[in-house]
Amino acid sequence: QVQLLESGGGSVQAGGSLRLSCLVSVPTFRTYDIGWFRQAPGKEREFVASNRWSSSGTYYSDSVSGRFTTSRSNAKSTVYLQINSLEPDDTGVYYCAARPGYSRHPASRDYDSWGQGTQVTVSS
């Protein structure tokens, strides 16, 4: 069973930065796609970014492209989400999710396992 644990959230002012981490407990971590999603208050969960297995590619939603960067450390079984130039609209719970890298089309937003989320609050 895959377990994910997010960390790094917090309260920041607009224009600030945060780095979120997602520790993934699975022996074959390097073969997993890891996605980042967020859910703002009163809104549906939305895709933010993904990091494909074996560092074979990253994808971003148009709304965050240029401000968010995802990376991974296979040695640490951890995926990161660097968030720069934070805006109040970035406020929400950020989740990471995992799926076997071969199980879906790269553009798919379908994931099998989810973390509990970490809160990001951006004040103006």
Side-chain angles (χ1 to χ4, degrees):
Q1 184 177 357
V2 182
Q3 294 185 324
L4 302 97
L5 180 64
E6 304 95 337
S7 61
S11 297
V12 298
Q13 290 192 329
S17 299
L18 284 173
R19 188 176 81 156
L20 308 184
S21 299
C22 174
L23 175 62
V24 184
S25 298
V26 65
T28 54
F29 170 75
R30 63 177 62 247
T31 69
Y32 275 71
D33 291 344
I34 305 298
W36 286 98
F37 294 76
R38 67 183 180 186
Q39 188 166 20
K43 295 187 177 181
E44 293 187 354
R45 188 166 57 192
E46 66 170 341
F47 169 80
V48 173
S50 65
N51 193 307
R52 291 211 63 212
W53 69 284
S54 195
S55 303
S56 57
T58 55
Y59 301 87
Y60 301 93
S61 71
D62 290 342
S63 64
V64 305
S65 183
R67 297 191 298 120
F68 288 26
T69 304
T70 182
S71 60
R72 68 192 290 157
S73 168
N74 288 331
K76 296 182 178 180
S77 297
T78 299
V79 175
Y80 304 98
L81 184 68
Q82 178 70 39
I83 311 175
N84 297 326
S85 302
L86 278 157
E87 304 168 353
D89 284 348
D90 294 322
T91 294
V93 180
Y94 284 69
Y95 301 89
C96 60
R99 68 188 182 205
Y102 51 82
S103 66
R104 307 286 197 288
H105 186 277
S108 170
R109 303 293 184 250
D110 186 30
Y111 285 80
D112 300 324
S113 304
W114 294 80
Q116 294 299 307
T118 185
Q119 177 70 45
V120 172
T121 303
V122 184
S123 58
S124 58

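Please read all numbers here as calculations on a predicted model, not as lab measurements. Count residues from 1 along the sequence.
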From Arg30 CZ over to Ser77 OG, what is the distance, rounded to the nearest 0.5 angstrom? 8.5 Å

Classify the ring geometry between Tyr94 and Phe68 as parallel (under 30°), tilted (30 to 60°) or perpendicular (over 60°). tilted

Report yes if some heavy atom in the side chain of Leu5 is under 4.5 Å from a heavy atom in the side chain of Gln3; otherwise report no. no

Expected output: side-chain Arg67 to main-chain Ser85 donor-acceptor under 3.5 Å: yes

Check: Val24 and Tyr32 side chains under 4.5 Å, non-hydrogen atoms: no

Side-chain contact test, heavy atoms from C-beta onward, threshold under 4.5 Å: evaluate it for Leu23 versus Ser7 and give yes or no. no

State yes or no: do Tyr95 and Leu18 share one hydrophobic cluster built from I, L, V, M, F, W and Y residues joined by side-chain heavy-atom distances below 4.5 Å, directly or via other members? no

Distance to the ring centre below 6.0 angstrom and angle to the axis at most 45 degrees; does that hold for Arg72 and Phe29? yes

Drop me the distance from Thr121's OG1 to Asp90's CG, to the nearest 0.5 angstrom. 11.0 Å

Report yes if the side chains of Ser50 and Trp36 come closer than 4.5 Å at any heavy-atom pair, otherwise no. no

pair Tyr80-Ser73: side-chain heavy atoms closer than 4.5 Å: yes

Counting only heavy atoms not in Gln39 (residues, nucleotides, ligands), do more than 12 fall under 6.0 Å from its CD? yes

I'd like to know whether the aromatic ring centres of Tyr111 and Phe37 sit less than 6.0 Å apart in this structure. yes

Below 4.0 angstrom, N of the basic side chain to O of the carboxylate: do Arg99 and Asp112 qualify? no

So, do Leu20 and Val120 sit near enough that their side-chain heavy atoms are less than 4.5 Å apart? yes

Side-chain heavy atoms of Arg52 within contact of Pro106, under 4.5 Å: yes

Nearest 0.5 angstrom please: Arg38 CZ to Ser63 OG, how far? 5.0 Å

Pairwise distance CG(Asn51) to OH(Tyr59) - rounded to 0.5 angstrom: 10.5 Å

Side-chain donor-acceptor pair present, Asn84, Ser17, cut-off under 3.5 Å: yes

Does a side-chain heavy-atom distance below 4.5 Å link Gln13 with Leu86? no

Point-to-point distance, once rounded to the nearest 0.5 Å, from CZ of Arg19 to CG of Leu81: 10.5 Å

